[in-house]
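To start, the structure under review is shown below, and the notes come after it.
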Number of protein chains: 2
Amino acid sequence: MERIDLAVSTVIFALRPEPHRDLMTLRLPLVRRIREPYEGRWALPGGLLSPDRDLESSARATLVRTTGLTPRYLEQLYAFGGLDRSAVETGRVVSIVYWALVHADEVAQAIDSDNVEWFAVDDLPELAFDHRTIVDYAVWRLRNKMEYSRIAHGFLGETFTLAQLRQVHEAVRGSALDPANFRRQILASDAIEDTGRRLTGTSHRPPRLYRYNTAVQLADHGPLTPSKEQA
Amino acid sequence: MERIDLAVSTVIFALRPEPHRDLMTLRLPLVRRIREPYEGRWALPGGLLSPDRDLESSARATLVRTTGLTPRYLEQLYAFGGLDRSAVETGRVVSIVYWALVHADEVAQAIDSDNVEWFAVDDLPELAFDHRTIVDYAVWRLRNKMEYSRIAHGFLGETFTLAQLRQVHEAVRGSALDPANFRRQILASDAIEDTGRRLTGTSHRPPRLYRYNTAVQLADHGPLTPSKEQA
DNA sequence: ACAAAAGTGTTTGATCTACACCCATGG
DNA sequence: CCATGGGTGTAGATCAAACACTTTTGT
């Protein structure tokens, strides 16, 4: 009987400010393949599932090893198991793909290697395997989930201004938002709370600093909490 | 190196009219296990992934074999890969779970066996493995997706009345809906179109028959169409 | 004083909800 | 003509978009 290998890969998103643009760009790290098939092509970071790790911790372990990143937000995306995903000689691989968000500070600590490079999602190179399909799906999920959950948190630090939060939404959407209406919507949703402090040194009126309201639990992935999922 | 088995299982939903209740009940078929571990317990229909099938066709094949069903709606739910999902002696299993909708006519054609039984989701027996967690998650996804997509179609035939469509929504929600407002919302969404025909023999005013508007494509699972998914 | 972003108010239109009411058919 | 569900109308509440306006800081 032929073997079916099980791999775990991750699509990692980060935002980077652009010098000559008003919106930040959505970027993701890719790893250059050093083996056939697709040697030299860019691919998602990932690796085979080891028998002593569950899926999520396998994703985390690979991320630390290949990119040096430890995302604060990590969620399962989809399992890809088509027959023609890999080259014939390699054998069949089923990939369970996760997606992750990291904030800018974490990116700075990431590994700087010739074999890891960050690309803008709107300007990707040719990818190995079906990884382009996977990335497209992950981008779609990110944009979608942005609208009804609070994952923007994954791109931000502990405290942040409303403008920063709005810029995250704008970057992911790819278009601007009305600051006044954005403020009202977010505040009305009870997703964030005022810290009482303000950000100073801004050359204009100092904005309030907010933090995420951990008391409010949005049911964005149902009865599957990280702990229960492992059971 | 230890072996990791890959299984594919499915949570199948159907609706059944109840004689002494206004709402239909949401039901799913379970299979009695004939082997350890959990011998005698009820479990989701499923089986090991065979090397010559992709994930979705593996799910379909198992469904035909164990329950005789060929669902019109089938979508991937989640991959479960915790370390303690199975008993120690059995070895580790990663399950890729699908969920499916069948309509009442199909249920009638289903296999009638001692080892397959339909249960109301609100009245489940003790299940094998972590299948209870899986079912809870599937129910949550069904209820959720009902609100923003057109999956109710999966419970209905080619044509249907607005009352039938409403009853599907009510059964899944578990509560009644205002017929007048429901009508307006559905019609405004362009999800269905009038066939011009009516349902007769009803002892009251004959309702129009509608069909789903195939021209309208709702982006409910993004760039992952069934064909692309296999690539 | 001025620029620039923070933050507030207001108008308008769309959409949801509840519920009254008319319509068409079988008995 | 009556019961029953099909189907329409409408007033009030809620919510989102657009945009004018006021506030508070650094320079």
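Below, chains carry the letters A, B, ... as their sequence lines are ordered, and counting in each starts from 1.
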Using whole Å, report how far [atom1] of [X] lies from [atom2] of [N].
X	N	atom1	atom2	answer
A:I186	C:dG7	CD1	P	14 Å
B:D178	C:dT15	CG	P	18 Å
A:F182	C:dA6	CZ	C1'	14 Å
B:R198	C:dA24	CZ	C1'	9 Å
A:R183	C:dA5	CZ	C1'	11 Å
B:L177	D:dG5	CG	P	17 Å
A:R166	C:dG7	CZ	C1'	12 Å
B:E147	C:dC16	CD	P	13 Å

What about [X] and [Y], are their ring centers closer than 6.0 Å?
X	Y	result
B:F160	B:Y212	yes
A:Y73	A:H153	no
A:Y78	A:Y137	yes

inquiry  = Pick the closest DNA chain D nucleotide for A:Q185 and for A:T202 by heavy atoms, then say which residue is nearer the 5' end.
reply    =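 Result of the comparison: A:Q185.
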
inquiry  = Go nucleotide by nucleotide along DNA chain C from the 5' end; which of A:L162 and A:S203 gets its closest nucleotide reached first?
reply    =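 This one resolves to A:S203.
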
request  = Before giving the answer on ring-ring contact (aromatic ring centres under 6.0 Å, His included), spell out for B:F155 and B:H103 the whole-Å C-alpha distance, their side-chain angles and the decisive distance to 0.1 Å.
outcome  = CA-CA 4 Å; B:F155 286 121; B:H103 59 255; 9.3 Å; no

request  = Return yes if the base of C:dA24 and the side-chain atoms of B:R205 contain a donor-acceptor N/O pair under 3.5 Å, otherwise no.
outcome  =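 Checked by distance alone, the answer is no.
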
Nucleotide of [options] approaching [X] most closely (side-chain heavy atoms):
X	options	result
B:A180	C:dT8, D:dC19, D:dG9	D:dG9
A:N181	D:dG7, D:dA17, C:dG7	D:dA17
A:H204	D:dT24, C:dA5, C:dG7	C:dA5

request  = Mind checking B:R184 for me? I need base, sugar-phosphate or nothing, with any heavy atom below 4.0 Å counting as a touch.
outcome  =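 The residue B:R184 makes base contact.
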
ask   = When all nucleic acid strands are considered with a 4.0 Å heavy-atom cut-off, which category describes B:A188: base, sugar-phosphate, or nothing?
value =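 Result for B:A188 = nothing.
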
message = Check the phosphate of D:dG7 against B:R208, side-chain N and O only, distance under 4.0 Å to OP1 or OP2. Yes or no?
response =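 For D:dG7, OP1 or OP2 has a side-chain N or O of B:R208 closer than 4.0 Å.
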
Polar side chain donor-acceptor pair, B:T70 to B:R60, under 3.5 angstrom =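 Result is no, nothing qualifies.
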
